[in-house]
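Encoded as structure tokens, the structure appears first; notes follow it.
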Amino acid sequence: MTRPYYVTTPIYYISGNPHIGHAYTTVVADVLARSARTRGPAFMLTGTDEHGQKVANAAAEHGKTPQEWTDELVPRWQALFAAYHVEYDDFIRTTQARHETAVQAIFERMRQNGDVYLGTYEGWYCVSDETFWLESKLAEGRCPTCGREVQWISEEDWFFRLSKYRDRLLAHYRANPQWVRPRSVYNEMMAILEEGLEDLSISRTNLEWGIPIPGPSAGSGRGVIYVWFDALLNYVTALGWPDGERFRTFWPASVQLIGKEIARFHTLIWPSLLWSIGEAAPELVFAHGWITVEGQKIGKSLGNAVDPFALAERFGADSMRYFLLREAPFGSDFSYSEEKIAQRHNNDLGNDLGNLLRRTLTMVQKYHSGIVPEPGERTSLSMRFADPSTHLGERVAGLVTQLQFREALEAIWELVTALNRAIDERKPWNLHKEGRQHELAALLYDLCQGLRWLAILLHPFMPERAAEMWRQLGARGRIEGDWRQSLAAWGDDGSLPPGTAVVPGDALFPRIDLVSA
RNA sequence: GGCUCGGUAGCUCAGCGGUAGAGCGGGGGACUCAUAAGCCCUAGGUCGUAGGUUCAAAUCCUACCCGAGUCACCA
């Protein structure tokens, strides 16, 4: 029994429509969760971050209230995740009562333990950009980005005593050098820590769209809770903090996925907030890279944003999932293009995998009446991947746990290649002509079982296509059953016994021709 | 400017003290069960530049060049 596994995505800030980057992070979380579910209890959380100035502005531009606006957008995000075959366990919205109530309770608790206090926030403020600037950042006394005059603002706000946690953070970082990955982000955060931390203002008096400051605070200290304070807490409010059963089961999180641009919030502020309410920091925060288009960051302003629904429609959701996880080492930026997606789809999925399934099933039909034969002697082919010391299932599970998706898929492809190679070396068409039925049957059995393994191994990555493989093989039972158990023996779990009738179907990954498409 | 991470075959990258590797692309070959797929053979690259340490350096040190990121209470 493994420890319950909890994986989160950032909650997405819905000032507009989702793009491929949002699908990316969420798919990664889904792969982790699906893989973990084969080993024990697992929980995947995603959701939307709906408060703050930008949402209020965007809603106003569309002539709607913020609530109307977010209610309209949230289904698009949920539709995106569905389109990418993501099965989350919960979807939290920061406008939900369960979240707002818990955030207020946390705020109140911190006010009582002294970590939240009323202070004065002062600084140079650019009204146009709605941004505070440090004196040192000003350009000749004017806003460095828009060049307009700035004004000195002074307001009473609630502050979180972040500075108090600096030493504990330093100690935590030193004791757990792997808790923030990749290493470059860890280093950045250590550098910030060594410079020191200032307390954080966590309320906004000039904004209405947010969670109200709780308590009898008429006069000073009114307003709403700063959106980041609110947003970070979703990871525990969704589980029913402080005493929900899910919270007790799944916290602390196993992996929290973030984009590297929000690392500061998740690796400095977030653990401090947790410690303030007596909870543990997450085990791992992993900051991944950007998806770029020929090196250019994706953004609406650059005009290179691509509709993620269109991509899933065109290439298939599972092919997109494969591409996103296979193309680059997880963590680093990677460049995306339709040519690259098509290449992965055609070469890896169509030629190597899809064609392997088809040629195998065709031979089972032609040479064995479409019936899975009896196994022969345990061959080196079948045993090679089941050997306990190099067990492919264990290797893949280990790599996925380490978020090395590309390496995991490469390992799986060793089996794809081995099966293709076995066909070419053993030449079943010759065995058939020469009437060597036993050899032929043994080979066909190994191929079918190898494909069954592939379906199981690939299921977390490509759930729908893997299920289709499973179906065409005629396999019984649930493909998403316990991974380790399914793979423990080469074909001994009964899901594909000799005598099974295979069910060849359409090509798994039909070739996509970009030019004439 | 400070700091961080990179600069290895056309492309994407692995290697991180001991005679330069993988995948893709490109070139050649034998086959036919298959989505003109698969299989086999083939790449000879000053490992950013210049020094240094070492019996020995992509692999350690120094300087420099180039690229990216970060040093902001937008999320």
Side-chain angles (χ1 to χ4, degrees), chain A residues 10-16 49-55 57 121 123 125 129-134 136-137 144-145 157 159-160 162 182-192 194-195 198-204 226-232 259-265 269 287 289-290 292 295 297 326-329 331-335 340 343-367 406-407 410 413 416-417 419-432 440 443-444 447 504 506-512:
Chain A
I11 48 174
Y12 302 107
Y13 198 65
I14 48 173
S15 55
D49 182 10
E50 307 185 15
H51 294 305
Q53 189 68 54
K54 285 194 176 175
V55 170
N57 290 350
Y121 189 41
Y125 185 72
D129 288 359
E130 293 166 6
T131 304
F132 281 94
W133 295 102
L134 292 173
S136 60
K137 296 284 182 185
T145 55
D157 280 328
F159 282 74
F160 174 72
L162 183 62
R183 189 70 188 182
S184 56
V185 174
Y186 174 93
N187 290 340
E188 293 285 347
M189 296 307 131
M190 273 300 267
I192 292 171
E194 276 156 10
E195 281 177 27
E198 290 180 11
D199 289 350
L200 185 74
S201 91
I202 55 168
S203 64
R204 289 297 125 97
Y226 173 47
V227 63
W228 259 114
F229 182 89
D230 154 11
L232 286 167
K260 60 189 178 184
E261 75 283 4
I262 54 176
R264 182 192 186 91
F265 294 92
I269 300 171
W290 303 105
T292 65
K297 201 173 136 181
R326 174 63 181 77
E327 185 65 14
S332 56
D333 291 356
F334 72 102
S335 174
K340 286 181 177 176
Q343 197 173 319
R344 286 287 175 203
H345 172 92
N346 289 333
N347 293 355
D348 297 6
L349 298 177
N351 297 348
D352 292 350
L353 178 62
N355 185 49
L356 171 64
L357 177 69
R358 169 160 285 190
R359 65 198 299 214
T360 297
L361 296 186
T362 300
M363 288 189 287
V364 169
Q365 279 197 308
K366 285 191 176 178
Y367 305 145
R406 195 240 247 151
E407 293 78 1
E410 284 174 346
W413 248 251
V416 174
T417 299
L419 295 176
N420 272 319
R421 184 179 295 136
I423 294 173
D424 284 279
E425 286 176 351
R426 305 287 301 286
K427 300 180 175 39
W429 46 94
N430 285 345
L431 296 178
H432 178 251
L440 178 58
L443 174 62
L444 292 178
L447 292 173
D506 293 338
L508 214 49
F509 301 98
R511 188 165 192 85
I512 293 170

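The sequence lines fix the lettering, A, B, ..., with proteins before strands; numbering per chain opens at 1.
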Fill in: Rounded distance (Å) that lies between atom P of C74(B) and atom CD of Glu261(A)
13 Å
Worksheet item: Are any non-hydrogen side-chain atoms of Arg264(A) and Ile192(A) less than 4.5 angstrom apart?
Response: yes
Worksheet item: side chain to side chain donor-acceptor pair (under 3.5 Å) with Tyr186(A): which residues, sequence neighbours excluded?
Response: none
Worksheet item: Quick one: does Tyr13(A)'s side chain have a donor or acceptor within less than 3.5 Å of a partner on His51(A)'s backbone?
Response: yes
Practice prompt. Evaluate whether atom CD of Gln365(A) has more than 12 neighbouring non-hydrogen atoms of other residues, nucleotides or ligands under 6.0 angstrom away.
Written response: yes
Worksheet item: Distance between the C1' atoms of U4(B) and G15(B), in whole angstroms?
Response: 22 Å
Worksheet entry | Spacing between Tyr13(A) atom OH and C74(B) atom C1', to the nearest angstrom | 8 Å
Item to complete: For U53(B) and C61(B), measure between their P atoms and round to the nearest Å.
Response: 15 Å
Discussion item. Output the rounded distance in Å from CG (Asp348(A)) to C1' (A37(B)).
Written reply: 13 Å
Fill in: Along RNA chain B (nearest heavy atom to each residue), the more 5'-positioned of Leu353(A) and Glu425(A)
Leu353(A)
Discussion item. Could you tell me how far apart Asp199(A) (CG) and A72(B) (P) are, to the nearest whole angstrom?
Written reply: 16 Å
Fill in: Length of the CZ-C1' vector between Phe509(A) and A34(B), whole Å
16 Å
Fill in: Contact letters for nucleotides 8-16 of chain B, in which S counts primed atoms plus P, OP1 and OP2 and B counts the base, heavy atoms under 4.0 Å
-----S---
Worksheet entry | Atom of Pro428(A), atom of Met363(A) and distance for their closest heavy-atom approach | CG-SD, 3.4 Å
Please tabulate the protein-to-nucleotide N/O contacts below 3.5 Å involving nucleotides 4-6 of chain B, giving atom names and distances.
from, atom 1, to, atom 2, distance (Å)
U4(B), O3', Asn187(A), ND2, 3.2

Discussion item. Can you tell me if Asn347(A) touches the phosphate of G25(B), counting only side-chain N or O atoms and a distance under 4.0 Å to OP1 or OP2?
Written reply: yes
Worksheet item: Are OP1 or OP2 of A75(B) and a side-chain N or O of Trp228(A) less than 4.0 angstrom apart?
Response: yes
Response to the item:
When Val416(A) and Leu356(A) are each assigned the nearest nucleotide of RNA chain B, the 5'-most assignment goes to Leu356(A)
Worksheet item: Quick one: is G38(B) close enough that its OP1 or OP2 comes under 4.0 Å of any side-chain N or O from Asn351(A)?
Response: yes
Worksheet item: Atom CD of Glu198(A) to atom C1' of A72(B): distance rounded to whole Å?
Response: 11 Å
Discussion item. Rounding to an integer number of Å, can you tell me how far Asp230(A) CG sits from C74(B) C1'?
Written reply: 15 Å
Worksheet item: Between C73(B), U35(B), C40(B), which nucleotide gets closest to the side-chain atoms of Asn355(A)?
Response: U35(B)
Worksheet entry | salt bridge (Lys or Arg N to Asp or Glu O under 4.0 Å): pairs with one or both residues in residues 343-364 of chain A, sequence neighbours excluded | Glu327(A)-Arg344(A), Arg344(A)-Asp348(A), Arg359(A)-Asp424(A)
Worksheet entry | Nearest-angstrom distance from the residue atom NE2 of His345(A) to P of A37(B) | 13 Å
Worksheet item: Within a strict 4.5 Å, meaning less than it, do heavy atoms of the Leu353(A) and Leu357(A) side chains meet?
Response: no
Worksheet item: Does A58(B) adopt a syn or an anti glycosidic conformation, taking syn as a chi angle within 90° of 0?
Response: syn
Response to the item:
If one requires at least 3 consecutive Watson-Crick or G-U pairs with distances under 3.5 Å, the stems of RNA chain B turn out to be B:1-7 with B:65-71, B:10-13 with B:21-24, B:26-29 with B:39-42, B:48-52 with B:60-64
Fill in: Euclidean distance for C1', U49(B) against C3(B) (whole angstrom)
23 Å
Practice prompt. Classify every nucleotide of nucleotides 26-33 of chain B by which part a protein heavy atom approaches to under 4.0 Å, writing B for the base, S for the sugar-phosphate alone and - for neither, in 5'-to-3' order.
Written response: -----SSB
